[in-house]
Amino acid sequence: MIRKVLVANRGEIAVRVMRSCRELGLMTVGVFSEADRKAMHVRYADEAYCIGPAPSRESYLNIDNIIEVAKKSGTDAIHPGYGFLSENAAFSDRCKQEGIIFIGPTAHSIATMGDKITARQTMTKAGVPVVPGTTEKITDEKMSMKIAGEIGYPLMIKASAGGGGKGMRLVREAHEMLPSFRTAKSEALNAFGDDSVYIEKYIESPHHIEFQILADRQGNVIHLFERECSIQRRHQKVIEETPSPLMTPELRDEMGKFAIAAAKAVNYEGAGTIEFIVSDARDYYFLEMNTRLQVEHPITERVVGVDLVKEQINIANGLPLTLKQDELQQNGHSIQCRIYAEDTDHNFMPQPGTVTHITVPLGLGVRYDGYVYEGYEIPMYYDPLISKLITWAKTRPEAIARMRRALYEYKITGVKTNIKFLEKIMDIPDFINGNYNTHFIEKNNDRLTVSKVCGTECEDMAMVACFIDYLDKIEKIQPQKFTEEFASTWKDFGRKRSVLRL
Amino acid sequence: MIRKVLVANRGEIAVRVMRSCRELGLMTVGVFSEADRKAMHVRYADEAYCIGPAPSRESYLNIDNIIEVAKKSGTDAIHPGYGFLSENAAFSDRCKQEGIIFIGPTAHSIATMGDKITARQTMTKAGVPVVPGTTEKITDEKMSMKIAGEIGYPLMIKASAGGGGKGMRLVREAHEMLPSFRTAKSEALNAFGDDSVYIEKYIESPHHIEFQILADRQGNVIHLFERECSIQRRHQKVIEETPSPLMTPELRDEMGKFAIAAAKAVNYEGAGTIEFIVSDARDYYFLEMNTRLQVEHPITERVVGVDLVKEQINIANGLPLTLKQDELQQNGHSIQCRIYAEDTDHNFMPQPGTVTHITVPLGLGVRYDGYVYEGYEIPMYYDPLISKLITWAKTRPEAIARMRRALYEYKITGVKTNIKFLEKIMDIPDFINGNYNTHFIEKNNDRLTVSKVCGTECEDMAMVACFIDYLDKIEKIQPQKFTEEFASTWKDFGRKRSVLRL
Amino acid sequence: MAYEIKLEHRTARIELLNRAGSKVLLAVDDRKYELDVVMVEKGVYSILYDGQSYNIELIEGDSGKEYIVNTNARSFNAEIIDAESKYLENRMLGTEHEGENEISSPMPGKVIKIPVSEGESVTAGQTLIVVEAMKMQSEFKATADRVVKAILVKEGDTVNSHQVMLKLE
Amino acid sequence: MAYEIKLEHRTARIELLNRAGSKVLLAVDDRKYELDVVMVEKGVYSILYDGQSYNIELIEGDSGKEYIVNTNARSFNAEIIDAESKYLENRMLGTEHEGENEISSPMPGKVIKIPVSEGESVTAGQTLIVVEAMKMQSEFKATADRVVKAILVKEGDTVNSHQVMLKLE
């Protein structure tokens with residue numbers, strides 16, 4: 001049985017994983033880069049070790065250093081969190097070789113789902129609907145034109161090894177096909193060292209809806225319902241909610257069954273997520289599987305009433321699932337907002353810096369997963385995610401009202417954040433009506449870039465605060481008072497010296 | 001319909017009530033004493049007005065001043081929170097006269113339940129079991145001996161107008177009866193200006209179990225199950241949980257029905273609590289009714305999934321309850337710890353003072369209702385309650401593990417608190433086994449007063465922190481460096497002056 | 001005591017008329033205010049005006065005269081204007097805006113690529129330098145046809161917020 | 001650099017052997033430690049020793065040499081002992097403990113009642129003064145038969161933590 005867990009991650013997720021370990025009575029080992037000595041996960045862990053310089057490649061992605069710490073500290077198991085090494089098949093394999101439990105799926109599952117074309121093929125074989133398109137890598141230009149013709153426009157060209165929007169091209173008409181095919185291939189080669197691409201039908205007005213699954217080593221697989229993740233900026237999720245406003249009970253049941261089939265097709269074990277792309281007409285297609293915990297897992301935890309990290313650890317311990325599909329239900333509604341250190345007025349440019357003041361939103365129906373504290377300097381090397389704010393209520397309108405209230409309470413000074421931007425989303429009719437897809441932010445851009453109104457009186461108060469602050473500051477260093485101050489500096493020193501007997 | 005709510009309270013409950021008002025889109029008005037200008041509820045409210053000097057009698061209990069602010073600010077409704085004016089019949093009446101909605105029951109309900117003998121009589125008439133004893137006030141000594149003989153020893157003498165343990169005497173044998181009767185009467189006279197007392201059978205090993213009820217103006221009354229409140233110090237609750245470890249489904253059903261009958265007997269409206277005293281053998285008796293929100297209401301909110309303040313406001317608006325008894329259920333387990341500024345090593349002596357540093361426990365399954373912040377000075381005039389920490393989990397053992405984790409994370413420096421004391425309770429077998437009554441703290445006193453072990457290495461680290469802090473402090477004011485420092489003070493001043501152009 | 005304060009594009013004169021503890025009487029241009037002002041936490045002010053409760057957070061700039069001001073509704077840049085600032089401002093009006101000749105990073109980051117060299121002629125839209133922070137790369141481009149006058153950083157360098165990296169002619 | 005430090009009833013000598021940034025080499029009595037020590041927040045230290053992560057919070061006393069130290073397990077009183085402290089301590093050993101002749105309040109509060117007067121003889125257990133804080137009244141009683149020498153406060157007064165209220169003979 002696992003007794004000591006190394007968390008190979010940083011930020012909010014490292015702290016979140018350690019919290020569940022502590023509740024289970026497990027010892028925790030933290031690892032940190034040279035930029036992270038003061039990070040919260042180092043303070044939270046029972047043990048903590050430095051694993052290299054600030055750049056991720058030399059620390060959080062350095063498998064050798066992490067394994068060395070695991071062995072030195074007598075760790076039984078490694079939890080990879082999300083990002084970094086969480087979907088690295090070689091790392092999963094290496095842990096196995098070293099006799100350390102990897103809290104996650106096998107290298108085989110990771111590798112199969114990691115290559116998009118192999119994943120598509122596997123899903124097709126398992127009967128899971130995929131976006132109409134090629135099942136083979138394409139390199140030939142003539143072949144690409146022929147296939148494009150069969151699939152029909154608009155379509156997407158995607159890099160097989162892809163991710164992060166690189167090597168991806170939207171083609172609306174036939175005459176754009178060849179130039180786009182060439183650029184996509186060249187981008188893919190540059191970014192991933194592999195120029196193979198594939199072609200998929202483009203779904204207009206797509207929704208991103210994903211299903212959480214849990215699978216044990218005994219072959220039991222369950223799903224914990226969906227999460228709606230369509231509110232995105234720069235292809236990154238900003239707000240997630242469950243249940244999805246688009247969902248019907250029949251659709252949920254159908255998609256849930258496919259999610260389970262998808263996991264079974266790769267002999268999955270642990271927690272995972274099947275992402276679907278869903279059209280406005282509720283046609284749905286397998287998009288990809290994330291073979292790890294998701295950033296947005298808390299909304300599922302809240303609505304289903306489980307602790308997914310504890311489930312992961314139980315599965316890693318070889319225990320069968322105690323949750324049964326027909327006993328699970330969604331209770332109420334949950335929304336998560338991701339709080340980023342970024343400038344929403346300037347293309348969401350990240351904003352590292354020092355946090356001078358925080359007021360955390362609290363109270364009924366609010367969960368806060370974060371890691372920054374007052375005086376903490378958010379490093380420039382890692383993700384700009386500061387925290388996740390999760391609300392719950394019996395109904396969707398109340399959960400939105402609660403999120404609006406929580407965002408109103410939430411204050412961070414020192415770095416720019418997207419808090420006000422998120423607050424505005426809570427007031428946009430399309431969001432309130434649950435009538436949105438991945439184009440939401442683009443579509444509502446005008447409303448989202450307008451500042452809230454601070455009237456004349458409010459402006460006056462803003463100026464008054466500066467005025468009073470400045471007055472009091474000057475008061476302290478006024479020249480006419482300086483001689484007195486000067487004298488008292490001497491006196492102060494005298495007093496301190498007598499007290500301290502230097 | 002209510003649009004603006006004045007919260008006639010301070011501390012965590014004022015903030016908690018305002019949060020729900022904000023979620024409902026209602027404007028909030030805060031009131032504060034001269035000692036509370038910097039209190040969180042003043043910062044949180046949309047409007048805030050001073051209502052008098054620090055002592056409660058001159059501010060938070062000053063009905064005229066509060067009504068004046070209500071009228072000046074155009075308030076529709078007043079929420080009294082708990083304590084202060086929340087169970088003051090005259091205040092409820094005065095609001096009515098002034099045309100302001102009192103978010104709570106009528107003066108009649110408050111007065112009936114406020115006088116213990118009247119309450120006993122009313123309950124007996126309604127068929128609710130009460131502790132065997134007198135139903136009339138007793139003043140005659142001979143009569144007292146006769147009644148005592150009929151009820152049997154041990155018994156309790158209680159002041160009719162009583163509260164807070166004053167005018168209360170436990171009598172174990174007949175020869176103690178007369179002297180105790182005399183002291184109780186004299187204490188009651190001194191404390192409440194009324195020497196009437198009554199006699200009740202004393203229940204050995206009592207449990208305090210209470211039922212939350214909600215009643216609308218249409219006459220619908222429901223109960224939201226029980227709360228177990230037996231862990232007390234100085235007759236004040238410290239830890240509450242729901243469901244009660246003592247409860248059975250049949251008992252819950254029975255007691256719930258009596259709770260509803262009790263509320264109906266006084267034509268109750270709003271949120272209220274029926275307190276029962278329950279023996280180890282599960283015999284139960286009506287103890288009293290609290291005609292207001294309880295400090296421990298959050299555990300019910302979490303397990304039943306309601307917002308009790310919103311329910312109160314809906315009832316005050318004249319709306320019928322939307323919750324139906326047969327649709328309500330208890331989901332999982334919830335525990336609340338009350339965090340007090342007190343010295344647990346010295347008879348729980350209160351500890352006002354300035355909070356220098358706080359780390360709030362957060363994450364999955366944790367709710368935190370508080371009001372103090374870094375730099376805040378907890379005034380000596382009011383209750384020592386700093387915050388309430390509430391955990392939830394599917395099962396009781398997991399809720400305890402989560403509370404243990406949350407208490408471990410929770411750090412307050414500057415004032416002494418009971419955090420470590422509560423942490424120890426989470427490890428005591430009687431608590432873990434759910435095998436406790438109101439004698440719990442007394443019974444486990446030895447375990448609760450022992451400090452946790454900090455071994456030699458831990459002690460060394462404590463000393464090292466002092467050492468390094470002291471070194472760095474001295475470094476700053478060393479005499480050999482003073483001349484340099486002195487010079488740089490001048491330089492600093494020069495720099496600041498040039499920047500500020502004084 | 002009086003100062004002019006600039007809040008984004010609005011400038012007002014604030015005069016202190018009276019002050020006793022947290023009670024402050026002052027005038028913002030012609031409007032008089034009787035206020036209760038306290039600093040509740042470092043840089044956090046609570047102001048009560050006629051019962052209205054305002055919470056204002058200040059972040060002081062380097063010069064001591066600039067602030068970022070957060071109200072509940074929005075965030076502002078503010079500046080205290082005194083004789084010195086006025087002089088500078090007047091002088092500035094006559095000259096071209098200097099910023100256009102310099103490329104600086106709005107956030108701390110690492111220089112990933114400098115695809116131009118000193119003395120090189122560049123055209124509008126051409127990438128001059130690429131900076132990475134928090135997994136996102138930002139390209140800084142020429143806004144007009146120019147000549148690269150000086151490159152003050154090199155690839156791999158870490159830059160601070162507002163540090164000038166490149167000068168153009 | 002070395003100091004003696006008293007932690008409750010234990011006294012140890014700490015000597016700094018080497019220090020470079022957050023890396024500290026020191027000896028506590030005869031035990032050598034190689035540590036990584038950083039102040040992460042004001043008064044909050046993170047210490048790594050051989051991988052173990054310790055979080056220590058300090059509250060500085062008035063003299064600058066006293067601390068309340070919170071570890072995860074428990075809270076201690078600590079004191080830095082230098083030449084001056086040692087001298088005072090030695091001198092104290094010869095005299096009676098002064099505290100017994102004074103009654104002071106352990107917390108801030110309000111004096112509710114003083115049922116004795118100056119010059120009065122009191123018996124052990126007799127209530128000398130009643131102080132109220134946070135709705136709780138505390139009675140301070142004589143621990144032995146004594147005479148009230150001086151009463152330094154009056155009913156209705158507000159007292160600070162550790163303020164002497166009464167002296168006995």
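By convention in this document, chain letters (A, B, ...) are assigned in the order of the sequence lines, proteins followed by strands, and residues within each chain are numbered from 1. Just so you know, these numbers use all the heavy atoms, side chains as well, and skip hydrogens, waters and symmetry mates.
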- Name the member of A:Ser20, A:Pro361, A:Pro298, A:Gly363 that forms the most heavy-atom pairs with chain B at distances under 4.5 Å. A:Gly363

- Task: Could you pull out all residues at least two apart from B:Lys38 that satisfy side-chain contact (heavy atoms from CB on, under 4.5 Å)?
- Result: B:Tyr373, C:Val38, C:Val40

- Item | For A:Cys458, all residues meeting side-chain contact (heavy atoms from CB on, under 4.5 Å), sequence neighbours excluded |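 Testing A:Cys458 for side-chain contact (heavy atoms from CB on, under 4.5 Å), a comparison that skips the adjacent residues, returns A:Cys454, C:Tyr54, C:Thr71.
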
Check whether any side-chain heavy atom of [X] lies under 4.5 Å from a side-chain heavy atom of [Y], and answer yes or no.
X        : Y        : result
B:Arg404 : A:Arg22  : no
A:Arg19  : B:Arg402 : no
A:Glu398 : B:Asp307 : yes

- Selection from B:Lys394, B:Glu12, B:Met403 maximising heavy-atom pairs under 4.5 Å formed with chain A: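 Heavy-atom pair counts peak at B:Lys394.
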
- Task: Check each atom of B:Glu374 against the heavy atoms of chain A and say whether the ones under 4.5 Å are side chain, backbone, both or neither.
- Result: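 Contact with chain A involves the side chain of B:Glu374 alone.
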
- Query: Under a 4.5 Å heavy-atom cut-off, does chain A meet the side chain of B:Lys388, its backbone, both or neither?
  - Reply: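 Contact with chain A is absent: no heavy atom of B:Lys388 under 4.5 Å.
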
- Looking only at heavy atoms, the pair that brings A:Ala401 and B:Glu23 closest together is CB-O, 3.4 Å

- Query: Which heavy-atom pair separates A:Arg16 from B:Leu364 by the least distance, and what is that distance?
  - Reply: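 The pair with the smallest heavy-atom distance is NH2-CD2, 3.4 Å.
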
- Might you work through the side-chain contact (heavy atoms from CB on, under 4.5 Å) test for B:Arg367 and A:Leu362, ending with a clear yes or no? CA-CA 7 Å; B:Arg367 170 176 172 185; A:Leu362 297 163; over 6 Å; no

